[in-house]
Number of protein chains: 2
Amino acid sequence: MRITEMHVTPIALGDPPLLNAAGLHAPYCLRTIVELRTDTGLHGLAEVPGSVAIDEALRGACDWIVGADPLNWHAVRERVRAHGAMETSVARGDKPWDRRTRVQLFSALDVACLDIAGKAFDVPVATLLGGVVRDRVPYSAYLFYKYEGAGGPLGFDVDAHALGWAAARQAAALDADGIVAQAQAMIAEFGFTSIKLKGGVFEPAQEVAAIRALRDAFGPDVPLRYDPNAVWSVDTGIHWGKELEGLLEYLEDPVRTQQGMAEVRRAVKLPLATNMCTTSFDDLPGSVATESEDIILTDHHFWGGLRASMELAAHCRTFGRGVSMHSNNHAGISLAAMTHLGAAMPNLSYALDTHYPWQWEEIVVGGRMKIEDGCVELPKGPGLGVELDRAALVRAHDAYIRCGLTERDDEPEMQKKVPGWKFQQTRW
Amino acid sequence: MRITEMHVTPIALGDPPLLNAAGLHAPYCLRTIVELRTDTGLHGLAEVPGSVAIDEALRGACDWIVGADPLNWHAVRERVRAHGAMETSVARGDKPWDRRTRVQLFSALDVACLDIAGKAFDVPVATLLGGVVRDRVPYSAYLFYKYEGAGGPLGFDVDAHALGWAAARQAAALDADGIVAQAQAMIAEFGFTSIKLKGGVFEPAQEVAAIRALRDAFGPDVPLRYDPNAVWSVDTGIHWGKELEGLLEYLEDPVRTQQGMAEVRRAVKLPLATNMCTTSFDDLPGSVATESEDIILTDHHFWGGLRASMELAAHCRTFGRGVSMHSNNHAGISLAAMTHLGAAMPNLSYALDTHYPWQWEEIVVGGRMKIEDGCVELPKGPGLGVELDRAALVRAHDAYIRCGLTERDDEPEMQKKVPGWKFQQTRW
């Protein structure tokens with residue numbers, strides 16, 4: 001089998017004004033859809049974070065990916081390696097999201113080739129990752145501080161039952177009460193049984209108060225996670241880490257660097273998780289040497305694909321790390337890929353993160369995928385089990401052209417609300 | 001798809017009187033053939049080292065493996081885990097070979113399930129391991145000190161061209177000249193381009209003289225490996241390690257334990273390899289902490305299968321270890337499995353070990369598999385690409401019944417030649 005075509009389509013999907021350590025989400029998030037076609041009439045899909053740089057990396061690959069055997073991942077990967085060096089984790093940058101482009105090229109090709117292989121063999125992608133260990137994959141309620149607005153027109157693509165969440169998604173959440181109300185609406189709609197709060201927005205005392213309010217509202221049986229996105233100093237991490245002992249399932253990236261994380265970890269009785277200090281295979285020796293975290297958040301977009309994420313899970317098993325999963329805004333192709341990975345990973349220790357409830361558009365056939373009882377059911381059908389809704393894709397690509405965004409940058413968006421606001425690597 | 005039958009057939013294959021640290025090979029080596037059959041009419045093959053204990057472990061599994069989906073490896077593995085604890089590497093014992101039984105159960109099921117999957121999907125097993133990176137897999141010339149005799153009847157199953165090796169296989173090799181002559185005959189027949197000497201038989205000075213003689217005979221372009229099977233003390237390892245600097249591609253297991261290996265490694269400028277001190281995923285943290293070796297020899301029979309061996313290779317990539325492959329006596333099903341693994345492993349850094357030239361019988365259709373230019377070509381056809389020769393299997397099973405051996409034990413065999421000989425963990 002040979003790859004005969006590779007198509008790269010940038011899209012923009014509406015996104016609410018979510019606050020985070022780097023500023024404020026723009027009204028659109030960018031994603032890029034990759035489609036491979038084969039001489040046997042099959043096609044494979046993938047979705048990665050969008051930016052002009054990533055799109056350039058993907059488009060630059062089209063010429064030398066055409067002709068490759070999609071069933072031979074090692075050979076496809078070698079073609080990528082022959083066209084440039086692997087990036088180290090330094091290239092990810094200092095923001096909550098990952099700016100590397102080549103890992104996303106690996107990821108896109110890995111996922112699309114697995115989609116093709118699954119269709120060729122008539123099995124789900126999860127089977128090709130070693131087999132389904134759970135066919136309903138648990139996700140967590142991902143809470144954000146946010147300004148009022150967006151969240152899609154009320155009732156757009158949502159049935160009457162969902163109006164509660166569609167309304168709540170529009171509401172502001174700028175304090176503990178707002179966060180609890182957001183959690184209640186999101187859980188009423190999707191049935192999540194664990195909660196994550198994206199922090200790093202307000203001073204620690206205010207955010208820790210929201211964690212306490214969540215604990216009071218939901219009780220000790222609903223695990224809570226909290227992610228200040230590494231904008232704390234080590235002293236702050238130790239101080240507030242101690243305050244959070246007994247309250248959290250895990251504390252994610254309180255501080256920067258493996259050394260900083262290790263220092264906090266030695267001082268605080270709380271599992272630490274990361275998707276910022278241990279973010280590539282090159283970082284694993286340092287993780288082992290410094291004992292920088294208890295849990296590594298994989299993300300197949302940033303670890304180089306689903307197969308690479310399974311390799312990461314094997315390393316986590318060997319070195320006693322738990323595995324959870326990171327998310328950025330994404331559409332249904334990524335949700336399907338994340339669900340296949342979650343379905344196949346024996347040592348997935350925690351519910352996965354997903355931004356999915358925050359969006360209202362979709363580019364896959366059938367529209368918005370269902371989250372019920374906090375879980376996404378493994379899609380039926382071979383491969384990823386999702387197909388492109390071409391009309392929706394055209395709409396989302398038109399939105400990309402119209403919106404004029406070229407990369408994610410939350411700082412200028414924040415400056416519209418708070419003039420002069422600047423991202424700081426370490427804020428508190 | 002469901003597994004409907006599991007068959008376990010112990011066999012014995014003729015084996016020459018090869019010397020090693022634990023004594024002398026018996027006239028037969030034991031292997032066990034595992035066959036899974038499915039409700040779709042497919043079957044999958046595997047081969048593991050044979051012993052009554054291993055056969056019992058395999059037969060004990062039949063009841064709860066029937067009904068499993070062979071395409072869902074994670075579910076098959078869970079069935080095994082539900083019926084007993086995983087063994088740690090302590091259970092491997094102190095001999096050059098591995099006495100664990102459960103890893104071999106995992107291995108047999110992994111290989112047989114992959115054979116089924118390859119047939120179901122019409123692709124080679126190497127494709128299911130990530131894809132073929134080389135379709136001719138290099139093996140090394142595996143030299144043994146030996147007594148005269150065995151090696152099969154002259155001309156048995158060998159064409160005229162091979163008579164040279166068939167005769168040399170019968171000859172004694174008890175000194176440097178004998179080892180060089182053995183290497184010349186084996187290389188003339190099979191075209192190997194690297195050489196391994198199994199040591200631990202004579203005092204180090206005598207064996208190192210054989211290494212020097214091989215270097216003189218073959219020159220610096222033919223890499224040499226040497227394996228005293230951990231019967232040296234650390235002092236001996238350091239002394240003779242220094243003597244071997246510049247002569248070896250690697251020195252395998254000069255001494256016991258990760259700590260001992262690390263001590264030798266710090267003192268000697270020579271890459272160290274192991275299949276005795278780092279032999280399971282549980283050992284990898286210790287390997288990283290002590291820096292006990294440069295190269296890990298995988299063996300899919302002892303690491304829990306082909307997929308587990310690929311995971312080991314990923315760990316080796318992450319932690320800067322090279323990968324090579326260990327061998328015991330084996331037949332064509334194992335040779336095919338080893339070749340698929342070698343074909344799919346991107347970071348295979350060295351030619352694989354194989355005892356295959358030492359044997360003369362075969363149980364797969366087509367008889368003895370070809371080794372040309374030191375390489376085995378990836379078998380054609382889906383799955384492992386080998387099928388059982390049922391008549392040959394019956395002969396080999398009859399030989400098992402007749403020979404009366406129940407496990408490998410080289411000590412009593414050695415005592416027939418050297419009365420009172422005893423295995424010693426540390427001999428020099």
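Per chain, numbering begins at 1; letters A, B, ... match sequence-line order.
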Q: Count the heavy-atom pairs under 4.5 Å between each of B:V133, B:V123, B:V132 and chain A, then report the option with the highest count.
A: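 Top option by heavy-atom pairs under 4.5 Å: B:V132.
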
**Q.** Contact check, side chains of A:T127 and B:N72, non-hydrogen atoms, under 4.5 Å
**A.**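 No, every pair of side-chain atoms sits at 4.5 Å or beyond.
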
Q) Heavy-atom distance under 4.5 Å between the side chains of B:P346 and A:E78, does that happen here? A)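 Answer no - side chains too far apart.
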
Anything in [range] with a heavy-atom distance to chain B below 4.5 Å? Please list those residues in order.
| range | answer |
| --- | --- |
| residues 284-295 of chain A | A:L284, A:P285, A:V288 |
| residues 115-122 of chain A | A:F121 |
| residues 297-322 of chain A | A:M310, A:E311, A:A314, A:H315, A:R317, A:T318, A:F319 |
| residues 61-71 of chain A | A:L71 |

Q: Indicate the atoms forming the closest heavy-atom contact of A:L129 with B:H74, along with that distance.
A: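 Nearest pair, atom of A:L129 first, then B:H74: O-CE1, 3.3 Å.
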
Q: Give, as side chain, backbone, both or neither, the part of B:V76 having an atom under 4.5 angstrom from any heavy atom of chain A.
A: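 Neither part, no heavy atoms under 4.5 Å.
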
Q: Tell me, for A:L128 versus chain B, whether the close heavy atoms (under 4.5 Å) come from the side chain, the backbone, both or neither.
A: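 Side chain only.
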
